[in-house]
Amino acid sequence: GDEKVFVERYFPSVRHVEVQILGLADGTVLALGERDCSVQRRNQKVAEETPSPAVDAALRGRMLAAAVAAGRAGGYRGAGTVEFLLDPTADSGGSFYFLEMNTRLQVEHPITEAVLGIDLVAAQLHVAAGEAPGFDPATLAPTGHAIELRINAEDPKRFLPGPGTITEWTEPTGPGVRVDAGYTAGTTVTPFYDSLMAKLIVHGADREQAIARAAAAVAAFRIAGPKSNLAFHAELLADPEFRSGHYDTGLIGRMRA
């Protein structure tokens, strides 16, 4: 019988941009840059990159300051992520809106590690022990561009789960290429848990090089047995809209139209 109505702002086009924070033992809250997570299917992230192609220096400063303010307001300690919806339209003036805070490390944290040259897992353990984070915040400066691709056991067209026993698993190697995986040949992807098999993280001097390295790494990654979305990632990295940097959360829908 409650007649209250919640009204939410409607975005015809929106990007999902998040800020990595780290609350230190002494109460300081650091902002460690942003990640663009707008490549999504069914509102679930599939690929992420940093820095965001949609964020310039002025907007970055505002978003990082807002994330730090959120962390300070909650007396936050440890690694966490403050997530925003960003209106990318030209007349919005770079408007962004709080979405949620994840009080943990997220799947896409390695791209922040790649551009900053730090270990966020070690840092949060140091903080939990009441210690310094293991790096000097004053010397942190991001370099280059990093992309993470989530390698899932799913159909690359319909994104339906495709569990099974892995008969072949060959990971790509090379400059700027990192693979974080929980599977190898002979292991089985069951239908009972998330379909994520591995994270492919690629770092380059700039976005163009990162995309080129990611495309080469996807082509070299061999998985047989269960279905995988490697073919989708090859398609994504070649997509003109993605390559332009001017995309939003509707990108995959347009690719599949």
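Residues meeting the side-chain hydrogen bond (donor to acceptor under 3.5 Å, both in side chains) test with His233, sequence neighbours left out: Asn229. Under the rule for a salt bridge (charged side-chain N to carboxylate O under 4.0 Å, His left out), the partners of Glu113 that lie at least two apart in sequence or sit in another chain are Arg178. The side-chain hydrogen bond (donor to acceptor under 3.5 Å, both in side chains) test applied to Thr165 returns Thr188, not counting sequence neighbours. Legend: residues meeting side-chain hydrogen bond (donor to acceptor under 3.5 Å, both in side chains) with Thr167, ordered by chain and number and at least two apart, are absent. The side chain to side chain contact (heavy atoms under 4.5 Å, CB included) test applied to Ala31 returns Val19, Leu64, Val68, not counting sequence neighbours.
For residues 163-197, the pairs satisfying ring-ring contact (aromatic ring centres under 6.0 Å, His included) are Trp169-Phe221, with sequence neighbours left out. The salt bridge (charged side-chain N to carboxylate O under 4.0 Å, His left out) analysis of residues 209-230, with sequence neighbours excluded, yields the pairs Asp155-Lys227. Sorted by first and then second residue, the salt bridge (charged side-chain N to carboxylate O under 4.0 Å, His left out) pairs with a member in residues 51-68 read Glu34-Arg60; sequence neighbours excluded. Listed by first then second residue, pairs satisfying salt bridge (charged side-chain N to carboxylate O under 4.0 Å, His left out) with a partner in residues 18-28 read Glu18-Arg35, Glu18-Lys45, not counting sequence neighbours.
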For residues 194-203, run the donor-acceptor check on the side chains, cut-off 3.5 Å, and write out each pair with its distance to 0.1 Å, sequence neighbours left out.
unit_1, atom_1, unit_2, atom_2, d
Asp194, OD1, Leu196, N, 2.8
Lys199, NZ, Val107, O, 2.8
His203, NE2, Thr143, O, 2.8

List the atom pairs, with distances to 0.1 Å, where a side-chain N or O of residues 115-131 and a protein N or O form a donor-acceptor pair under 3.5 Å, not counting sequence neighbours.
unit_1, atom_1, unit_2, atom_2, d
Asp119, OD1, Val121, N, 3.0
Asp119, OD1, Ala122, N, 3.0
His126, ND1, Glu131, OE1, 2.7

Acceptor/donor pairs from residues 247-257 side chains to any protein atom, 3.5 angstrom cut, sequence neighbours excluded:
unit_1, atom_1, unit_2, atom_2, d
Tyr247, OH, Glu49, OE2, 2.5
Asp248, OD1, Gly250, N, 2.8
Asp248, OD1, Arg254, NH1, 3.2
Asp248, OD1, Arg254, NH2, 2.8
Asp248, OD2, Ser13, OG, 2.5
Thr249, OG1, Val14, O, 3.4
Arg254, NE, Glu241, OE1, 3.2
Arg254, NE, Glu241, OE2, 3.3
Arg254, NH2, Glu241, OE2, 2.5
Arg256, NE, Lys157, O, 3.3
Arg256, NH1, Glu235, OE1, 3.0
Arg256, NH1, Glu235, OE2, 2.8
Arg256, NH2, Pro156, O, 2.7
Arg256, NH2, Glu235, OE1, 3.3

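Looking only at side-chain heavy atoms (C-beta outward), Leu59 and Phe96 come within less than 4.5 Å of each other.
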